[in-house]
6 protein chains.
Amino acid sequence: MTTDQSPTPESRYARGARALAEIDGQAGEHVIAALSGIAPDFARYLIEFPFGDIYSRPGLDLRSREIATIAALTAMGNAAPQLKVHIEAGLNVGLSRDEITDVIMQMAVYAGFPAALNGLFAAKEVFAARVTA
Amino acid sequence: MTTDQSPTPESRYARGARALAEIDGQAGEHVIAALSGIAPDFARYLIEFPFGDIYSRPGLDLRSREIATIAALTAMGNAAPQLKVHIEAGLNVGLSRDEITDVIMQMAVYAGFPAALNGLFAAKEVFAARVTA
Amino acid sequence: MTTDQSPTPESRYARGARALAEIDGQAGEHVIAALSGIAPDFARYLIEFPFGDIYSRPGLDLRSREIATIAALTAMGNAAPQLKVHIEAGLNVGLSRDEITDVIMQMAVYAGFPAALNGLFAAKEVFAARVTA
Amino acid sequence: MTTDQSPTPESRYARGARALAEIDGQAGEHVIAALSGIAPDFARYLIEFPFGDIYSRPGLDLRSREIATIAALTAMGNAAPQLKVHIEAGLNVGLSRDEITDVIMQMAVYAGFPAALNGLFAAKEVFAARVTA
Amino acid sequence: MTTDQSPTPESRYARGARALAEIDGQAGEHVIAALSGIAPDFARYLIEFPFGDIYSRPGLDLRSREIATIAALTAMGNAAPQLKVHIEAGLNVGLSRDEITDVIMQMAVYAGFPAALNGLFAAKEVFAARVTA
Amino acid sequence: MTTDQSPTPESRYARGARALAEIDGQAGEHVIAALSGIAPDFARYLIEFPFGDIYSRPGLDLRSREIATIAALTAMGNAAPQLKVHIEAGLNVGLSRDEITDVIMQMAVYAGFPAALNGLFAAKEVFAARVTA
């Protein structure tokens with residue numbers, strides 16, 4: 001069993017907040033703000049575990065991490081808002097539009113054509129909003 | 001946005017380990033031990049976030065928390081080992097066998113009869129092992 | 001195998017209708033009304049099996065049953081209208097807002113952060129509508 | 001809202017038991033027997049709602065009903081024992097082996113290739129057991 | 001292992017386009033058109049594999065195929081747009097409204113009441129649009 | 001709508017078989033062989049669409065594609081045999097063990113801890129078999 005080597009909470013929270021800003025940008029801020037009125041502790045958990053612990057691990061670059069997340073959310077097919085946030089995040093960390101649509105198309109093999117179609121239409125919306133922004 | 005009020009990591013890890021021991025007993029130890037050879041950091045995350053953060057929150061008693069977990073794992077139907085661990089955990093924190101089977105039967109309404117049947121047969125195994133142990 | 005001890009259909013239907021009214025209130029009436037134009041028999045099944053059979057069982061109080069249902073619907077993540085009905089139902093049978101959000105937050109452990117986030121935002125909507133109603 | 005027109009419980013239970021025997025044969029008896037030691041009431045619910053209410057409805061023949069069930073269980077991918085029971089049931093109500101494998105293959109489109117592959121291998125097992133029985 | 005007997009791509013694509021038009025009608029055209037701006041290759045895959053390969057197989061009539069698809073999409077519960085397209089497709093290939101609602105109601109047994117309710121309300125929308133069209 | 005530019009079926013099948021051999025190695029051969037006795041046409045579809053069409057697309061390297069597949073299959077949690085094949089495939093195309101376990105751990109965020117735990121234990125089995133082979 002691993003001994004307790006977790007960093008101090010300040011650095012873990014700060015590191016998570018930095019990773020969240022880098023990856024999700026404004027969309028991340030909106031999620032944190034939206035949580036303040038319903039479950040503020042959950043905002044802290046979201047910053048600390050996914051972003052402070054997982055995305056901050058050095059073993060996998062953010063490009064690979066966003067491929068994994070876009071694939072999973074497309075395949076699960078029940079988290080459209082988060083899929084859009086991570087399509088945006090994929091662009092933020094350097095994936096091209098074609099790489100993102102390639103990941104989503106591949107999900108037709110593992111989760112079926114409806115999941116891939118809904119993922120592609122989510123990407124279409126995100127890409128279009130980015131052009132006009 | 002919440003300010004950083006997370007406890008020191010020692011207490012968070014220690015609190016999680018104590019909660020894990022109370023709730024999952026030996027089954028929890030086995031999971032942590034099994035992780036040591038493949039992903040030791042994940043053992044730490046498992047102790048810190050689910051048990052140190054969530055199960056240690058004061059707002060909901062462990063009995064209610066295990067009802068929630070047994071319901072969710074039965075309904076999802078794709079995590080048989082964890083469902084068995086939490087049926088055992090339900091008994092550990094004071095749920096009766098009939099309360100556990102009532103929660104599982106209710107899942108026929110929300111996730112279908114196969115999910116409930118597979119949950120009931122998981123409970124049957126756990127209860128039988130407990131008798132002979 | 002159990003012998004046939006089911007109650008008379010009148011009492012089963014009547015018991016289910018009473019349980020539905022107590023638990024789901026107006027939202028339950030709306031579902032039944034909405035079914036009348038598409039599948040009226042299904043309204044009867046909905047009253048008889050989930051409410052006449054399951055929710056009317058004496059072995060588990062309604063508070064525990066709503067914890068189980070909110071947990072399962074949050075974790076499954078594909079039944080937003082029903083999740084909102086049961087967040088409302090949770091309040092109807094005596095759960096506090098904080099208990100409900102605690103159940104939903106716990107689902108981050110079992111079904112991931114997107115499922116918990118979408119559940120929390122559903123709760124935010126239900127709570128806000130209740131304030132203004 | 002529909003008025004209470006449900007049949008007497010005797011006929012509902014008896015009709016369900018007859019439908020279960022016709023559709024699932026020995027596999028149905030095994031499920032009912034296995035429930036007796038853990039949740040005997042659930043055996044009654046299983047006979048009454050799925051088989052007494054749904055499968056006994058006159059509007060859809062059993063062949064069509066088993067196509068629907070094999071498709072759904074293949075696509076969901078988390079109820080292997082029930083999928084095998086219904087592949088057997090499909091043969092019992094007159095589907096050919098090729099019709100069953102055609103339904104399962106079609107699920108590659110809607111739920112992905114792994115779901116279809118696991119469904120085909122389940123069918124292979126059921127067909128092989130039937131040859132040697 | 002099967003030897004390579006796939007037809008020429010012209011006939012496979014043409015056969016798929018013909019099957020798509022027959023089954024999905026205008027809704028199919030809309031999907032193909034919507035893909036042109038985001039992933040045109042995926043339009044080709046959609047025509048070739050699901051429609052050119054699977055729906056064009058002679059072993060199962062289109063009526064049975066749509067029963068399977070409506071059942072699966074209702075049970076999965078995470079692909080509402082595609083479910084509506086296939087409820088429409090079911091009508092196109094000869095299923096009656098009552099047969100379609102019977103398939104959807106049956107999914108309460110395998111995927112729970114919320115999945116069936118959401119499927120029935122999708123059918124209600126499709127049927128209503130058809131009346132007014 | 002895309003015009004028909006698909007390659008000749010010979011090259012599509014041959015290209016798929018080559019990609020399958022490169023990615024899945026012996027495990028791929030076993031799947032194809034296992035299909036011969038139940039649904040030989042499905043072996044052809046599996047070679048042609050996932051491997052001949054999707055994995056052969058030039059826009060995304062195989063390393064990225066296996067990250068996507070391992071993420072999706074871990075998150076879905078209902079296709080253990082295929083997850084193991086693709087953990088092996090990840091090693092075949094150049095992912096390190098630590099990169100694979102990092103992808104799987106990340107799924108705790110999107111699909112919950114049970115999905116990640118079951119994925120890690122699948123990886124442990126695959127890695128152990130590789131040592132002793």
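Numbers restart at 1 for each chain; the letters A, B, ... are given by sequence-line order, proteins then strands.
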Query - chain D contact via Phe49(E) - side chain, backbone, both or neither, heavy atoms under 4.5 Å - result: side chain

Query raised in the report: Checking side chain to side chain contact (heavy atoms under 4.5 Å, CB included) against Glu88(E), which of Ile23(E), Val126(E), Ile100(E), Leu83(E) comes through?
Result: Val126(E)

Query raised in the report: Are any side-chain N or O atoms of Gln82(E) and backbone N or O atoms of Leu73(E), one a donor and one an acceptor, separated by less than 3.5 Å?
Result: no

Query raised in the report: Which one of Ile70(E), Thr74(E), Thr69(E) has the most heavy-atom pairs closer than 4.5 Å to chain D?
Result: Thr69(E)

Query raised in the report: Do any N or O atoms from the side chain of Asp24(E) and from the backbone of Ala27(E) form a donor-acceptor pair under 3.5 angstrom?
Result: no

Query raised in the report: What part of Asp102(E) lies closer than 4.5 angstrom to a heavy atom of chain D: side chain, backbone, both or neither?
Result: both

Query raised in the report: Which one, Pro50(D), Ala108(D), Ser96(D), leads in non-hydrogen pairs under 4.5 Å with chain E?
Result: Pro50(D)

Query raised in the report: Within the distance-only criterion (no hydrogens, no angle test), does the side chain of Gln106(E) pair as donor or acceptor with the backbone N or O of Ala68(D) below 3.5 angstrom?
Result: no

Query raised in the report: Which atom pair, heavy atoms only, marks the closest approach of Met76(D) to Ala75(E)?
Result: SD-CB, 4.0 Å

Requested in this report: Check each atom of Met105(E) against the heavy atoms of chain D and say whether the ones under 4.5 Å are side chain, backbone, both or neither.
Outcome: both

